[in-house]
Amino acid sequence: MEELKLIKEFENFFIGNIEVGKDFFIIAGPCAVESEESLLETAKKVKEAGANMLRGGAFKPRTTPYSFQGLEEEGLKILSKAREETGLPIVTEVMSKQDIPLIRKYTNVFQVGTRNMYNYSMLKALGKEKKPVLLKRAFTATMEEWLGSAEYIMKEGNKKVILCERGVRSFDNYTRNLLDLMAIPIIKKETNLPIIVDPSHGTGRKDLVFPASKAALALESDGLIIEAHHKPDEALTDKKQTISIEELKKIVNLKK
Ligand code: PEP
Ligand code: MN
């Protein structure tokens with residue numbers, strides 16, 4: 001990976017009071033923003049549990065066009081209301097280059113999902129933004145492809161990149177994806193970039209979110225992004241992997 005230079009030149013930056021690159025942080029919240037009432041309730045509880053940022057998709061990349069696609073701008077407005085009420089910075093997904101100006105108005109961090117890691121025109125456009133980018137690994141990506149995508153963003157000037165290991169596709173559907181935890185020491189060796197772990201999409205199973213988080217911590221992950229809901233059994237999307245607030249507290253306490 002000799003030609004990739006910028007991934008070695010990362011410098012710490014702040015999101016709220018978190019110094020990325022130094023402080024361990026937890027991003028938690030529902031898979032999707034479902035309604036104002038539901039998101040505000042989850043946000044309040046996620047904050048009480050001790051998470052540092054709030055996640056929630058307003059634009060959802062779904063496998064079929066018939067599934068819930070997200071509340072779009074209404075969802076973004078709900079997220080910013082939750083930020084006003086809790087003080088938690090927001091992390092939300094951007095799926096296309098033309099949505100960047102809209103999402104920029106509301107979010108603190110642009111999330112690039114697994115399906116868009118190879119969306120080079122969007123990555124270049126995000127490279128011109130000032131806000132940080134959470135770059136999820138494509139479920140088919142080699143390390144080199146993933147780091148190439150990070151370099152695309154950084155080359156345009158935006159050095160605030162955070163990598164996220166979220167599992168790769170494997171031959172066995174016992175778990176939704178195969179969480180490649182060795183990505184943590186590999187990324188730390190090859191780059192100076194921060195790397196966090198998504199134990200929710202990485203396993204697809206709520207019973208595995210805790211052990212996967214514990215393992216990520218042991219390997220010195222810079223953070224976690226977790227799907228949590230105040231009523232996990234009623235979550236509209238990714239219910240099987242969404243944990244309760246109680247379970248989230250257990251994970252927050254791992255760090256103490
Ligand atoms: C998500 O975090 O909401 C998501 C869709 O994740 P991924 O892109 O990793 O599937
Ligand atoms: Mn999800």
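One-based numbering, in listed order, for ligands and for the atoms of each. The shown structure was predicted, so the numbers you read here are calculated from the model rather than taken from an experiment.
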- Short N/O distance, under 3.5 Å, between T114 and ligand 1?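 Yes; the residue has a nitrogen or oxygen that sits under 3.5 Å from a nitrogen or oxygen of the ligand.
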Short side-chain donor-acceptor distance under 3.5 Å, [Y] and [X]:
{"X": "Y120", "Y": "S149", "result": "no"}
{"X": "H229", "Y": "T242", "result": "no"}
{"X": "N158", "Y": "E129", "result": "no"}
{"X": "Q241", "Y": "R205", "result": "no"}

- Message: Within the structure, is a non-hydrogen atom of R115 found at a distance of less than 4.0 Å from ligand 1?
- Response: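 A heavy atom of R115 does come that close to ligand 1.
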- Which N/O/S atom belongs to D238 and is the closest one to the Mn ion (ligand 2)?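 In D238, the N, O or S atom with the shortest distance to the Mn ion (ligand 2) is OD2.
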Quick check on contacts: which atoms of ligand 1 are under 4.0 angstrom from a heavy atom of [X]?
{"X": "Q111", "value": "1 (C), 2 (O), 3 (O)"}
{"X": "G113", "value": "8 (O)"}
{"X": "E93", "value": "5 (C)"}
{"X": "R166", "value": "7 (P), 9 (O), 10 (O)"}

- Can you pull out the closest protein heavy atom to atom 7 (P) of ligand 1? Residue, atom name and distance to 0.1 Å, please.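 I find the closest protein heavy atom is K136 NZ, 3.5 Å.
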- Closest protein heavy atom (residue, atom, distance) for atom 3 (O) of ligand 1: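 Minimum-distance protein heavy atom for atom 3 (O) of ligand 1 reads R55 NH2, 2.7 Å.
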- Item | the Mn ion (ligand 2): angle it makes with OE2 (E227) and NE2 (H201), nearest 10 degrees |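 Between OE2 of E227 and NE2 of H201, the angle at the Mn ion (ligand 2) is about 90°.
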What I want to find out is whether [X] reaches [Y] closely enough, with some N-O distance under 4.0 Å, to be called a salt bridge.
{"X": "E41", "Y": "K44", "value": "yes"}
{"X": "D233", "Y": "K239", "value": "no"}
{"X": "E246", "Y": "K250", "value": "no"}

